[in-house]
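Inspection log for the structure reproduced underneath, given as structure tokens.
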Amino acid sequence: MSKPKVGFYWCASCGGCEEAVVDLAETILKVVDAVDIVFWPVALDFKRADVEAMENGALAVSFVNGAIRTSEQEEMAELLRAKSQLIVAFGSCSHLGGIPGLANLHHQAGIFRRVYQEAPSVVNPENTVPQWRTEVPEGTLTLPVFHDTVKSLDQTIDVDYYLPGCPPPVKLIVGAVMAILENRLPAKGAVLAPDIALCHECPRKDSKPEKLLIKEFKRPHEMLTDSRQCLLAQGLLCLGPATRSGCEAPCVGANMPCTGCLGPTSHVKDQGAKVLSALASILDSNDEEQIEARLDDIVDPVGTFYRYSLPASFLYAHPSANGGPQP
Amino acid sequence: MSNEHRSESPRPFRPDIVAFFCNWCTYTAADLAGTSRMAYAPNVRIIRLMCSGRIDPQFVLAAFRQGADGVLIGGCHPGDCHYQEGNYKALRRYKLLRRLLKSMGIEEERLRLEWISASEGEKVKRVINEMTEELRRLGPLRLAPKPQARRTRLVPVAGGVP
Ligand code: SF4
Ligand code: SF4
Ligand code: FES
């Protein structure tokens with residue numbers, strides 16, 4: 001029997017997910033033995049036309065990383081959906097919108113102004129900005145359309161499984177590939193990681209008090225962090241209680257609070273609301289003024305609570321992103 | 001009802017309010033207001049919980065996504081919570097939620113918290129009427145439309161995964 005065919009593709013992403021595949025190190029040899037990688041733009045010279053020429057369902061599985069921002073990404077996602085028996089949303093951006101999803105706080109014109117005019121590293125005296133269509137003597141040039149908002153992959157196509165993380169931990173990738181090869185996948189729609197909060201596998205969990213109360217929220221650069229005690233107990237905004245486990249807490253291991261990249265467990269619909277709830281619960285004050293003062297220390301609520309999941313949240317985007325009133 | 005697809009009606013705007021009321025105080029007060037036939041704006045859907053501390057911020061955001069123009073939280077007065085500190089927890093979540101709403105381009109006034117004891121039927125009426133006025137002034141909540149997650153297969157799978 002021929003080996004199952006596999007595709008990798010990237011949409012609005014940073015390239016870190018591709019890096020994670022390389023991080024498989026020698027394990028990748030096992031994977032390459034077991035499957036045929038027939039589409040992987042970052043590493044192999046196959047083009048969109050090669051995928052278009054395939055029969056529907058010819059790919060056993062496609063791993064798609066990155067969020068969906070442009071018309072081209074949408075088209076590729078739909079093409080891969082048609083050609084693949086399984087679609088795995090690979091990484092936080094594909095799973096929940098990820099860091100690019102935070103752009104849903106801004107409208108398209110503002111993003112272009114910042115990126116093509118104001119950014120300190122930009123020199124653009126003629127104010128050149130991308131145009132969807134440009135007429136030149138030779139004909140019409142087109143670029144992909146940049147949509148108003150960023151979507152997760154499952155807001156674009158039907159997704160079978162999710163590999164969470166920014167990027168997904170090697171252990172989870174290997175586990176998912178093995179589960180696919182050995183045909184022991186869980187029910188469709190599952191996130192291929194343990195369904196329990198990160199604190200449960202955190203090496204510092206024993207130092208997390210049963211009834212945690214903290215006087216003030218702090219940021220890592222404002223303090224000398226104890227390298228053994230639970231970070232949340234030290235006042236750092238560690239998102240472990242509202243984040244899925246599966247990464248073995250490398251950030252906490254490096255003395256940095258978890259920022260929530262694996263997304264929530266299946267019991268939570270809106271990760272940011274859960275984070276908000278947890279932080280508000282442990283703040284040790286019942287006095288209105290004092291509460292306000294302490295909350296001032298959370299300088300960027302959206303970026304902190306929804307670092308990786310704004311497009312998947314209930315609120316989805318700032319209304320101005322869709323042409324509503326500008327901020 | 002949904003905040004995304006509501007068409008403009010020629011009638012004056014009647015804001016929808018979702019109210020999360022604590023069983024021991026505000027809910028009883030709302031009941032009292034009802035039985036004593038006090039008239040308050042009819043546009044409130046009341047959801048009863050055992051304590052304001054049970055209100056998960058997800059409930060509030062889900063209410064906005066599903067069409068509420070405003071969300072009202074009613075709990076026992078400070079010191080009177082049946083579970084000691086549930087209302088303080090609600091207070092802290094409420095404060096943080098207001099900040100979140102503001103950053104997301106939603107007027108903070110759309111979320112209101114009031115301490116209303118079981119005997120304060122009159123206060124239920126006043127708060128709801130005030131809030132209705134406030135929301136009239138603000139107009140309907142317009143959230144950015146959220147794309148639905150897709151759940152239809154394009155390719156029927158014969159024989160499953162290899
Ligand atoms: S809050 Fe953070 S540091 Fe504390 S146990 Fe949970 S993951 Fe570990
Ligand atoms: S500790 Fe948190 S942020 Fe770090 S890899 Fe794990 S889930 Fe992601
Ligand atoms: S019991 Fe009423 S607020 Fe807790």
Side-chain angles (χ1 to χ4, degrees), chain A residues 1 3-4 56-57 60-61 78 81-86 104-105 148-149 151-152 154-160 180-181 183 185 189 268-270 272-274 276-277 279-281 283 285-286 288 291-292 295 298 300-302 305 311-322 324-325 327, chain B residues 3-4 53-66 68 78-79 81 84-107 113 115 139-162:
Chain A
M1 215 178 85
K3 293 194 274 183
N56 277 1
V61 50
E78 270 156 27
R81 174 68 279 183
K83 303 298 178 186
S84 313
Q85 294 173 31
L86 289 179
N104 281 0
L105 283 168
D148 282 340
T149 53
K151 295 186 287 184
S152 59
D154 66 3
Q155 289 167 345
T156 308
I157 56 165
D158 182 33
V159 166
D160 295 287
I180 294 170
L181 290 173
N183 200 6
L185 282 160
V268 173
K269 289 202 157 62
D270 186 300
K274 206 68 209 169
L276 182 155
S277 181
L279 295 178
S281 305
L283 180 60
S285 174
N286 289 342
E288 283 209 50
I291 294 171
E292 293 285 9
L295 295 184
I298 303 178
D300 175 14
V302 181
F305 306 158
S313 72
F314 282 121
L315 298 180
Y316 179 68
H318 195 288
S320 72
N322 280 95
Chain B
N3 272 331
E4 292 159 20
R54 174 63 185 91
I55 300 166
D56 186 322
Q58 292 184 100
F59 300 171
V60 174
L61 301 182
F64 283 126
R65 173 51 70 191
Q66 286 174 41
C81 171
Q84 315 277 328
E85 302 244 319
N87 51 359
Y88 288 114
K89 202 186 254 190
L91 172 68
R92 295 192 295 264
R93 288 176 178 157
Y94 157 80
K95 296 264 181 213
L96 197 45
L97 263 170
R98 299 245 303 187
R99 287 165 185 248
L100 175 72
L101 293 177
K102 193 171 168 208
S103 320
M104 288 300 295
I106 298 168
E107 300 88 351
L113 174 135
W115 308 133
L141 172 62
R142 291 184 203 284
L143 291 183
K146 183 180 172 185
Q148 288 298 310
R150 297 284 142 74
R151 279 282 172 257
T152 41
R153 294 208 63 114
L154 299 179
V155 182
V157 181
V161 196

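Throughout, a chain's letter reflects where its sequence line sits, starting with A, and its residues are numbered from 1.
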Specify which of [options] makes the most heavy-atom pairs with chain B at under 4.5 Å.
options: A:Leu279, A:Leu295, A:Ile291, A:Val268; value: A:Leu295
options: A:Pro311, A:Gly272, A:Ser313, A:Pro301; value: A:Ser313
options: A:Asn104, A:Asp300, A:Ile298, A:Asp270; value: A:Asp270

Measure distances from A:Lys151 to the heavy atoms of chain B and classify the residue's part below 4.5 Å as side chain, backbone, both or neither. side chain
Could you look at A:Thr149 and say if it's the side chain, the backbone, both or neither that has a heavy atom under 4.5 Å from chain B? neither
Would B:Arg92 and A:Ser281 count as having a side-chain donor-acceptor pair, cut-off 3.5 Å? no
With chain A as the partner, which of B:Arg93, B:Lys102, B:Glu85, B:Lys89 has the greatest number of non-hydrogen pairs under 4.5 Å? B:Arg93
Most heavy-atom pairs under 4.5 Å with chain A, out of B:Ile55, B:Asn87, B:Ile106, B:Leu91, belong to B:Leu91
Can you check whether [X] reaches [Y] side chain to side chain, under 4.5 Å on heavy atoms?
X: A:Phe314; Y: B:Val60; result: no
X: B:Met104; Y: A:Leu105; result: yes
X: A:Tyr316; Y: B:Leu143; result: no

Yes or no on side chain to side chain contact (heavy atoms under 4.5 Å, CB included) for B:Leu61 and A:Lys269, after CA distance, side-chain angles and deciding distance? CA-CA 10 Å; B:Leu61 301 182; A:Lys269 289 202 157 62; over 6 Å; no
Only counting residues at least two apart or in another chain, list the ones meeting side-chain hydrogen bond (donor to acceptor under 3.5 Å, both in side chains) with A:Ser152. A:Asp154, A:Gln155
Minimum heavy-atom separation for A:Pro319 and B:Gly105, please, with both atom names. CG-O, 4.0 Å
Partner residues of A:Glu292 under the salt bridge (charged side-chain N to carboxylate O under 4.0 Å, His left out) criterion, sequence neighbours left out: B:Lys95, B:Arg99
